[in-house]
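Here the structure is laid out as structure tokens; the discussion comes afterwards.
Throughout, a chain's letter reflects where its sequence line sits, starting with A, and its residues are numbered from 1. Values below: all heavy atoms of this structure, side chains included; hydrogens, waters and symmetry mates excluded. Since we're looking at a predicted model, the values are computed, not measured.
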There are 2 protein chains.
Amino acid sequence: MSDSSDVLRASIGLAVSTVIFALRDAEGDTSGPAVGTDAPATVWLPLVRRIREPQCGRWALPGGMVELDESLEGAARRNLAETTQLEPAYLEQLYAFGDVDRSPDRRLVSIVYWALVRPDEAERLTLGENVQWFPADELPELAFDHNLIVDYALWRLRTKMEYSAIAHAFLGDEFTLAELRGVYEAVLQKPLDPANFRRQMESSGAIEPTGGVVTGGRHRPPKLYRYTGDVQLVDAGPLTPRISA
Amino acid sequence: MSDSSDVLRASIGLAVSTVIFALRDAEGDTSGPAVGTDAPATVWLPLVRRIREPQCGRWALPGGMVELDESLEGAARRNLAETTQLEPAYLEQLYAFGDVDRSPDRRLVSIVYWALVRPDEAERLTLGENVQWFPADELPELAFDHNLIVDYALWRLRTKMEYSAIAHAFLGDEFTLAELRGVYEAVLQKPLDPANFRRQMESSGAIEPTGGVVTGGRHRPPKLYRYTGDVQLVDAGPLTPRISA
DNA sequence: ACAAAAGTGTTGCTTTTACACCCATGC
DNA sequence: GCATGGGTGTAAAAGCAACACTTTTGT
């Protein structure tokens with residue numbers, strides 16, 4: 001037993017972690033339509049408090065070790081489900097972090113994923129003493145190199161938002177253009193011209209009208225749209241990221 | 001001994017591999033100015049033949065196991081130097097491949113890097129029965145999932161060439177605009193308008209004239225340029241890739 | 001009627017693209 | 001001179017950004 005433990009310590013541990021993004025209003029409420037209402041939505045992420053050494057007590061990204069019989073993405077999904085009950089609509093590999101001194105205890109390499117969840121999906125997260133939502137750009141000091149990891153994931157989210165069609169991973173199957181624009185504005189942190197935004201989206205071929213409208217607002221009823229799925233070309237390499245809508 | 005071997009087999013092996021790109025003319029000659037001459041340059045990469053099971057005899061990417069006391073990038077550089085004598089000007093992480101069945105023997109996760117080398121640097125590769133250059137888009141069937149990996153690396157190279165300043169990693173410190181354009185044409189596999197290319201480069205702020213010219217050609221002597229290094233902003237995230245020119 | 005957001009039109013500016021043309025050198 | 005690539009000019013086309021204006025609902 002001590003022998004096998006020594007050998008294990010002499011090998012490199014392989015873990016996965018995931019940066020999960022969701023949009024919530026400034027107060028942190030995901031209930032109701034989180035985007036498109038008055039309060040401007042912002043990017044939040046859930047963190048878990050470490051309950052053992054090292055770095056016990058600090059907030060950290062959800063994650064865990066990779067089992068022998070599961071893929072890297074499979075490990076990410078399993079750990080996500082176990083620690084946060086979340087099953088994200090979008091999940092993509094971010095980067096492998098493996099500096100020698102990034103974990104004080106044993107040598108650890110973490111394959112980090114990043115995920116987007118819809119507001120209704122985000123509701124599944126059972127909050128508690130050790131699980132909380134945090135605004136993405138005002139985080140406390142996290143465990144290990146997790147601050148750097150979140151910064152990088154945020155950069156990737158904002159960069160990719162500008163040239164690909166990942167925004168719909170924050171929304172339901174049907175959405176108005178105002179809601180879609182709200183996603184872009186929340187992530188990019190700047191207002192967008194509604195008229196120009198509409199034309200860009202319509203001419204991109206990424207969305208199509210469903211035929212339905214939303215009544216009930218004290219204004220003209222907006223049309224509903226859905227994603228066509230013709231836009232994978234833009235951001236997919238030979239690895240074909242899975243946008244399992 | 002058999003005990004520790006069993007425990008090791010029960011853990012996940014961590015390896016690094018690297019896709020190395022260089023430009024060579026159609027016949028595969030890197031001597032002389034590989035770009036800017038008559039023959040259109042194309043993308044080549046060096047492969048090594050596996051000399052042990054599994055997949056013995058097949059061509060594969062250079063790589064090896066990660067040692068306990070070295071970083072991932074350090075492991076990539078060490079393996080590169082050991083198996084190919086190459087010290088690339090540009091080296092960046094590509095992706096972590098970790099499917100359960102990607103290696104028939106033991107469970108193996110490979111952190112793959114991609115690298116760019118200059119023609120003169122590429123000369124250092126000592127060719128032999130088990131080390132050869134191959135044109136990037138007509139490869140034989142490689143070991144493991146290495147065909148998929150090369151395809152992805154090629155896609156990243158071509159994508160990144162369009163919005164960042166990595167082209168100079170294929171060139172020396174000083175270069176003419178025709179040579180630089182030759183790099184773009186070789187990688188993107190399409191001719192570019194010399195006049196417009198010049199203006200785009202000059203207005204980008206990425207290059208500046210050295211003052212020197214190249215005499216000897218049977219035409220007007222072209223000016224020499226160098227990279228300014230002001231363009232890291234474009235492609236760097238919080239991870240600050242090292243373009244150690 | 002009025003407020004509010006949906007949706008359309010128009011204009012000016014910047015960027016891209018295509019291609020004509022002049023410049024400097026070796027032979 | 002003439003061939004060859006280096007380098008400049010220019011104009012049409014396309015894309016982008018700003019903003020005025022019309023439409024349709026709830027109250």
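- Ring pair A/Phe144/A/Phe97: centre-to-centre distance not below 6.0 Å.
- Between the CG atom of A/Asn196 and the C1' atom of D/dC21 there is a distance of 15 Å, given to the nearest Å.
- For the residue pair B/Gln189/B/Arg158, the side-chain donor-acceptor check at 3.5 Å is satisfied.
- Nucleotide C/dG7 holds its P atom 10 Å from the CD1 atom of A/Ile207, rounded to whole Å.
- One interatomic measurement links the two molecules: CG of B/Asp193 to C1' of C/dA20, which rounds to 11 Å at whole-angstrom precision.
- Residues B/Pro221 and A/Gly216 each lie close to DNA chain D; by heavy-atom proximity, the contact nearer the 5' end of the strand is made by B/Pro221.
- Summarising the geometry, the separation between CG on B/Leu192 and P on C/dT16 is reported as 13 Å, rounded to the nearest angstrom.
- Computed from coordinates, the A/His219 NE2 to C/dG7 P distance equals 10 Å when rounded to whole Å.
- The base of D/dT23 is paired with the side chain of A/Arg220 by a donor and an acceptor separated by under 3.5 Å.
- Atom CZ of A/Phe175 and atom C1' of C/dA6 are 16 Å apart (whole Å).
- One can place CD of A/Gln200 at 12 Å from P of D/dA18, the figure rounded to the nearest angstrom.
- For A/Arg199 against D/dG15, a side-chain-to-base donor-acceptor contact under 3.5 Å is absent.
- In this structure, B/Arg218 does not reach the D/dT4 phosphate: none of its side-chain N or O atoms is under 4.0 Å from OP1 or OP2.
- Between A/Phe175 and A/Tyr225, the distance separating the two ring centers is not shorter than 6.0 angstrom.
- The structure places CZ of B/Phe21 at 11.5 Å from OH of B/Tyr90, a figure rounded to the nearest 0.5 Å.
- The distance from atom NZ of B/Lys223 to atom C1' of C/dA24 is 13 Å, rounded to the nearest whole Å.
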